[in-house]
Each structure stands twice: as C-alpha cells, then as structure tokens.
Asker: 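Starting off with a structure, shown below.
In what follows, every chain begins at residue 1, and chains take the letters A, B, ... in the order their sequences are listed. Note: hydrogens, waters and symmetry copies are ignored here, and every other heavy atom, side chains too, is used.
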2 protein chains.
Amino acid sequence: MKLKQGAPRHSQISQWLRKEIEDGTYMPDEKLPSENELAKKFGVSRVTIRRALQSLESEEIIYRCQGLGSFVSDTRTPHNLVRLTDFNEDMENAGLEASSIVKAFKTVEAPGWLAEILHVAEGNKVLQIDRLRLGNGEPIAYDITWMPILYGQLLQEDKLQDKTIYQTLEEEYEIPIIRGTYRISADVADNYLSTQLKADINAPLLTINRLSFTIGDKPVYYQQRYYRSDKVMYEMTLERDKNNSTSASELPLKEFVPVFKKTKDTG
Amino acid sequence: MKLKQGAPRHSQISQWLRKEIEDGTYMPDEKLPSENELAKKFGVSRVTIRRALQSLESEEIIYRCQGLGSFVSDTRTPHNLVRLTDFNEDMENAGLEASSIVKAFKTVEAPGWLAEILHVAEGNKVLQIDRLRLGNGEPIAYDITWMPILYGQLLQEDKLQDKTIYQTLEEEYEIPIIRGTYRISADVADNYLSTQLKADINAPLLTINRLSFTIGDKPVYYQQRYYRSDKVMYEMTLERDKNNSTSASELPLKEFVPVFKKTKDTG
DNA sequence: ATATAATACATGTAATAACAAGTATTGATG
DNA sequence: CATCAATACTTGTTATTACATGTATTATAT
C-alpha cells in the first residue's frame, strides 16, 4: 500500500514540533517528551523521532543533553542564521520608536545602471520611494527604493507606515525574498542629505545598498540607505562551531544587527 | 570489549573522507564510492556511512543525488559559512598584489576603553601595530591592532609581512580564534589618515573594528581598520535555504567579502 | 532506428534491536 | 548524616533488514 502523502514522516513530525514550540505549547528550557514517548505518540520508531529532533537541533530550536532529554532553546536566539530585519524591527529591538516620512512616491524612468540591476529595459518606468527614517523622532537614516512597476503596483503609499515592503510582498502576494545582496560602504553627506538627516555637511554616512531577489532570481527591489554613522553601526558576530572542526578559518555568522547609539560618543 | 577511542565511528569516517577530498584523492564532481561500498570498506553498517556523509553534505563538501551517488562539491565554494579572511587573502582574491608597511610596532599603556575591551588592567602594556595596507602599491586601508603582551610577545615585526596574526597564533602556538565581533561604521579621514591613505581630507572611510577571541572567551586582539571607501566596499549575500522552510525571514549568510574597485566610479 | 520495458544500482525512508554513556534518584552502608 | 552503589530513565551510537524512489543502461518490441 502506497501512502505517499508528500513529505516524509520525520519532517512532518519536526514540522509539528516546530509549530508546538512556536505556539508556546512548550516553553523555553522546558523538557520535551522523551524520544520513546514521542515515538509511541506518533506511532513511529525512535529512529524517525531522532531524525525529526536532529532537524530541530541543527536549527537550534531545541537542544539535547544526553541522560536528560530534549529542551526548547531560549526564545528566538539567532538560529545560526541571519534574520533579515527591516527598519522598524531594528528600531524596536533597540528600544527606539520608529517612524518614517515618505518624501517621494513616484514613478521615474530607470537610468541605465538601475535598469541593469532591476532587469528592466532602460527608460522603463520604475517606482521610486524616498523615505526619511526616524528613531524617537530623530533622523537616523534616509533611503531610496526602486522597484519594477510589476511589483510596485502592489504597494500603496499609505500602507508603508504599517507594513514593510518585505512583509507586504510575502504575506499578501506570496512573493518571497529568497536572496539579498548587501553592499556596505561609506559616504559623506551632501547638501541634500545633510539637510534631511539634520547632520553636518560632510558628515560620515554608513551606506547599505541591497538588492533583493525572489524565486527565479528575479530582482524585486533595490534600496540605497544612508545611515548617520554617529547614530548607527552594524555589528556582526562570527563564531566557530566546536563540533565541526572544519578547516581553520571558517566561522558561521551568528548575528548581523545594527547597533544604535543613543549618546554621541567621542570618536 | 570497550573500544572508546574518542570520537564515534561516523565522525571518524567523515573526517577521513574530508581529508581524502582535501588531499585531492577525490576531485570536484567526482563520484564517491557508493554507501554500500564504503560500508564494506570500513566494516560498518550503511547507517553509519550515511551519518558520515550527512555531515559532509551539511557542510556542503559533497552533494548527493538519489539514484546516482555522492559527489564532491565544487572546489571550496563558500560552505554556507563565512570564511574569515585576512587582508592578504582578500587582495589575492581581488587579483591585486598586497603589501603592508608597518608604521608602528610598539608597546603602549592601554587607555581605559581598550583595557576594558582586552580584559587587561588600565595602564597595562599592550602591543600596538600600525600598518598601511596597499594593493598594487596604492594605499587601500590603514589599521591599528592592539593585543595583550601575553599574545603580542609571540609575534615578530619582520614576520608580519609573510604570515597574518591569525595564522601565526593558530598554527605556531595553537591559539585558535573561535569568535570575532565586527563593528562596521563610517568615518571621514582626518589629517593623519588622509596623508597616509593619500586621500582627501574628509574623504569617506569604511571602518571595520573587530575583536577576536580565543577559547574561554579571552580577547586576543582588537583591530581598527579604515578602508578608503572609493577603493573597497563589503558585499554580503544572504540566501534562504529551500529545504528548511523556517519562519519567514531567516536567511543564512553565504558570503561576506570585500569588493575592491579598480576604477573610480562616479558616485 | 526509435520507443518502451526490464534491470541493476544508487540514495531515501523507516522499523526493530541492542548496547553505550550520561544524569538523577533511591536505597543501602559506613 | 554522609557516601557510595544500584537503578531507572534519558539520549547517543550502531547493526540489520526491508522497501521506496530516482537514474541510467540494456534488452526488447514496434
């Protein structure tokens, strides 16, 4: 008798457990049922349960101690992966109140360099969104986003306060971002930016340009963001895994997060 | 009869295969022996072989196709991990000839902020190394490194051309760097830096400060590096794994590499 | 000659079994 | 009371077995 209802049993089970943990059925550091109990509960062998638990362990959703059991990891520690965060989320983590001022929401003709990046023909119309980003009312960053009309038509200006572009595309239109390329550089504030950001002219700016792709390597939007470098720096932690003693110099990234400075440090 | 010679059999085997692949016994895209053959060869069951191969697969050292076999991955693709690279290596990848000029190699008394970072007492002596970094003879970066005398005494000024601090500590003294914290920010060139880097005063600089730790969370060295932002930017790629359909916004980092510009772009 | 079916072999999934090894409790012993 | 051994329970490792599923080749029929 063929079952073949899609996914293998062990991944169904790990999915089930994942959901239980997300839903809060099992709290952080709480002990999960033992492998034998789970095996009985799901009517599978212990091997299958182990495979399911191994997935969760490698995602650092649970941790296991020989002789003790399996436990839920601390709440949403960075799961050995980097979470792509948006501005609002970053600010929230930093304990600042985020707000945005939409400075422009218009269609423009794509110049050559942009057309190439977004895979549209030169001169094609693209949506351009300029936003000033504030934390606790103070200017922190200024960004410009361009996207093909194909995707741009899905956004509405008034919704940009509540939801991020990322969320809107993924949740409402099932257009997931599966890849992003970041370019990190430095610049100095020109006349316009210094005015907008209320910074000195020639003030140093941390610039992060990112190009986001959806399935099929289709570019969805390109964003240039200028951070006031006296307000924010990016911090990343690379950590070497103790188990996988691979060749010397490989470390997995644990975190890549912006750090907001509340007080002005003397450099 | 107890064997207990340390590591479990499956990790011994994966280690063995890792080495074979590194040594070039199996070339990229070459088919490994089948699971059954390996099982017979090592005198273990197929389950154990599979565990070994699973490790290699998760490290992206091999890839497997149902019905075909297991194959060696393309040469040293970024193994889903970020490789910590040093300046010389970065330049080599960019096709530039790297050189360094040691501007200072001295002991100084650690000011408060540095003492705190390096976990030494304020006023303690620390080694300070100032270096100008060149690519094809042109100034690209300037960095200052501080390290406790404990580690500093292991370095010799004349060796800094050949080997990196990282390599020296790991290979000669078995002091591995297991964690690094990067802080990325922007600054403008002051009088001294603009002279050293042959850049305009107030030229934008990409600054990367990193603190490197060895086992026991002991800080080994702290480095401040200033890149001419017209010469280099950092690029990183985040990619979502197709298999692990975890919660929406988590992407593993594939690459974090500097990109050197050979020609001056118009901003 | 081309399309199809049979076959051999690869990895993928899973059940069952046994033992090793770490942890905590319990109970006997000093 | 303190110490130590026995015990029960946990995860870790491994062997054996069976079948499912994907791939490529070979033999067969059209």
Asker: Parallel, tilted or perpendicular, judged at 30° and 60°: which one describes the rings of A:Tyr63 and A:Phe71?
Answerer: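 Ring orientation of A:Tyr63 relative to A:Phe71: parallel.
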Asker: Parallel, tilted or perpendicular: which one describes the rings of A:Phe42 and A:Trp16, with boundaries at 30° and 60°?
Answerer: perpendicular
Asker: For the pair B:Trp146 and B:Tyr222, name the ring-plane relationship: parallel under 30°, tilted 30 to 60°, perpendicular over 60°.
Answerer: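 It falls in the parallel class, under 30°.
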Asker: Can you check each nucleotide of nucleotides 9-19 of chain D against protein heavy atoms at under 4.0 Å and return B for base, S for sugar-phosphate only, - for none, in 5' to 3' order?
Answerer: -BBBBSBB-B-
Asker: Taking side-chain contact (heavy atoms from CB on, under 4.5 Å) as the criterion, tell me which of B:Leu114, B:Ile149, B:Leu150 meets it with B:Val126.
Answerer: B:Leu114
Asker: Go through the steps for A:Thr145 and A:Gln223 under the test side chain to side chain donor-acceptor pair (under 3.5 Å), then give the verdict.
Answerer: CA-CA 4 Å; A:Thr145 309; A:Gln223 188 171 71; 2.9 Å; yes
